[in-house]
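Structure, as structure tokens:
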Amino acid sequence: MTSGTPDDFDVADGTESDDEREARESQEDEAFDAALKAVISSGLIAGPDASVIEDVLHEDADAASDVDETQKLAAKTELDAQVDAIYQSIVSRAPEHKVQPSLQRVADCLDLMGNPQRAYRAIHITGTNGKTSTSRMVEALLRERGLRTGRFTSPHLTTVRERISIDGQAITRQDFVDTWEDVAPFIDLVDAQSQASGGPRMSFFEVFTVMAYQAFANAPIDVAVVEVGMGGRWDATNVIDADVAVLAPVALDHERWLGSTVEEIAEEKLGIIKLGATVISAAQQPSVTDMVLERCREMKADLIMMGYGLEVVARETAVSGQLVTIQTPAARYEDVPISLKGSFQADNAALALAAVEALFGGVALSGDVVEHALMAVSSPGRLEVVRSSPTIVVDAAHNPHGAQATVEALQEYFPGRLIAVVAMMADKDVEGFLGVLEPVFDQIVVTGMPTDRAMPADELAEIAGDVFGDDRVHLESDLANAIDAAAALAESDTDEPMTYPAVVVLGSIQLVARARTLMGRPAPDGA
């Protein structure tokens, strides 16, 4: 026998070391456990459902998972509270619909921050109607090209985080909080400077614009798609130097702040055009077209306009949207599926295609990029079906021009009896809006909204009575009751065979937001 320590193992006398013994016992335990599992999992003991054993064996893992999910929920709840606290602090400032004729506060704040808005290219979008849908189409096309995008739109439907989107998704709770912490010290400095000279604090919309531009730089993104809040010239977003300016149709809206004529409103919106930019314009009324031409000459900007090398050549409806053929200065895109309803969305798609082509120097996009982007794009709150049996549609139309586009689409896609649920802001052209609806809707249910800007429901009902006739107007101050009443009216006896009635909620984006929530629709963009 070779001499050694007592821990050594000797084959001759059968002794083993402690390490060897522990290894052997461990192997035996594993073998026993495997054998036991095989026996108790058999039909003799477990019965016909052996999955019960698996449930027991994974009980500890599930318990650990439950703890993990609880921790995640607690963290989410805490972040939601932080987001809401930030939002409440910002909403106490001047409201976003109150345009302040100065860009100095926003410019000063961004300058202190190192001008994050200069870290990426931009497409700037203005107009009276169609801005949000066009922004979403532009973003979808850019993302399909492989670019990182930031999108800034307003207002929001469910959560303020929707206003700032990164790569098609609402900014995360943590990134929202982090972005606020980044910008808050600079906002405080600019507030103090402005108030010291007798001016106001930065407004609600100015603060969110600064947050968006900072969030985009933090991401970082390649291209920002920026929707004007109101007007253009004095809109807080107009500190950005965009390569491409998009002008959606200009019509009367926000007259209290932008002007009482289409020409005055157009003057404000044309203020986003920068020196040497490319302008993509929807078809405009003749006086506005003249203004567009003059502004482009002044700014040495290239102009691409609907009807002049840019047009929707053909379109046909489909259950889930439409099929369109679009001619741009660079290409003809045949039979492109678009997931959004209405001829106005086909026009928006043409503007979006031309804008993205312009960003790339006028080069045509591949057919696959266009098809994949537009067949999947969404625009919540725009002719969105939120329930069936009966069909309930929500739409953000809130002025006569928008109402006209909506009723044309409704007649195309929903040929049965239509019942409207309407609430509106007091500063809107209520009579003009209802006048567009009257020939198309069988009856109207008037309701209210919990905001000081809203027209009281009884006043709105009185105007509706003048337009529709009292026998076609119903008043339900509570939105849920109003939708129920409209559904009952829609499903009442009808002499029209093979047609399906629909309830349409419209008149205010805030109303649409509340209706979507009532119908259980998720927040847009994964917010």
Side-chain angles (χ1 to χ4, degrees), residues 96-97 128-136 153-163 170 227 229-230 253-254 339-342 344-345 348 377-388 390-407 409-410 413-414 418-430 433-434 436-437 440-441 444-451 453-455 457 460 464 476-487 490 502-525 527:
E96 59 188 311
H97 62 271
T128 301
N129 296 303
K131 297 187 296 296
T132 296
S133 293
T134 303
S135 297
R136 285 177 166 273
T153 55
S154 59
H156 58 275
L157 291 172
T158 306
T159 168
V160 71
R161 293 187 293 108
E162 299 164 30
R163 293 175 180 246
E227 176 189 328
M230 186 185 299
D253 197 16
H254 300 297
S339 61
L340 304 175
K341 298 177 174 67
F344 64 96
Q345 295 290 19
N348 291 339
V377 72
S378 65
S379 192
R382 279 74 182 173
L383 279 176
E384 180 186 12
V385 177
V386 294
R387 199 176 82 179
S388 57
T391 299
I392 297 178
V393 181
V394 296
D395 189 77
H398 55 272
N399 55 51
H401 182 269
Q404 187 61 49
T406 295
V407 298
L410 289 170
Y413 288 89
F414 305 97
L418 297 175
I419 309 296
V421 175
V422 176
M424 298 189 71
M425 298 300 180
D427 62 304
K428 299 300 179 182
D429 180 4
V430 174
F433 182 86
L434 295 177
V436 176
L437 303 188
V440 176
F441 284 88
I444 179 173
V445 181
V446 172
T447 190
M449 292 183 290
T451 171
R453 287 185 61 206
M455 175 172 283
L460 181 57
E476 288 286 353
S477 298
D478 179 76
L479 178 57
N481 292 339
I483 292 175
D484 286 344
V503 171
V504 186
V505 181
L506 73 171
S508 166
I509 295 177
Q510 287 193 26
L511 180 72
V512 166
R514 294 180 61 227
R516 290 184 85 256
T517 300
L518 280 174
M519 296 296 105
R521 300 298 297 173
D525 305 321

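Between the side chain of Glu162 and the backbone N or O of Leu157 there is at least one donor-acceptor pair closer than 3.5 Å. Judged by distance alone, with hydrogens and angles left aside, the side-chain atoms of Ser508 form a donor-acceptor pair with the main-chain N or O of Gln510 at under 3.5 Å. Checking side-chain atoms of Ser388 against main-chain N and O of Pro390 turns up no donor-acceptor pair under 3.5 Å.
Ser477 and Ala457 get closest at one heavy-atom pair: OG-CB, 4.3 Å. Closest approach of Met519 and Val386 over heavy atoms only: CG-CG2, 3.6 Å. The shortest non-hydrogen separation linking Val503 to Ala490 is CG2-CB, 4.0 Å. Closest of all the heavy-atom pairs between Pro524 and Ala170 is O-CB, 4.4 Å. When all heavy atoms of Val394 and Ala515 are compared, the closest pair comes out as CG1-CB, 3.9 Å. For the pair Thr451 and Met425, the tightest heavy-atom approach, listed with the atom from each and the gap, is CG2-CE, 4.0 Å.
Residues Arg521 and Glu384 are in side-chain contact: their nearest non-hydrogen atoms beyond the backbone lie under 4.5 Å apart. At least one side-chain heavy atom of Phe344 sits less than 4.5 Å from a side-chain heavy atom of Leu383. With contacts defined as side-chain heavy-atom distances shorter than 4.5 Å, the pair Ile392/Val385 does not qualify. When side chains are defined from C-beta on, His398 does not count as touching Asp429, because their heavy atoms never get closer than 4.5 Å. When side chains are defined from C-beta on, Lys428 does not count as touching Phe433, because their heavy atoms never get closer than 4.5 Å.
Rounding to the nearest 0.5 Å gives a distance of 13.0 Å between OG1 of Thr406 and NZ of Lys341.
Among Asp395, Ile419, Val421, Val393, the one residue that satisfies the side chain to side chain contact (heavy atoms under 4.5 Å, CB included) test with Val505 is Val421.
A salt bridge links Arg136 with Asp525: the distance from a Lys NZ or Arg NE/NH1/NH2 to an Asp or Glu carboxylate oxygen falls below 4.0 Å.
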Check your understanding: Checking side chain to side chain contact (heavy atoms under 4.5 Å, CB included) for the pair Thr158/Arg516: CA distance, chi angles, key distance, verdict?
Key -> CA-CA 9 Å; Thr158 306; Arg516 290 184 85 256; 4.0 Å; yes
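Looking at Asn399 and Asn129, their side chains do bring a donor and an acceptor atom within 3.5 Å of each other.
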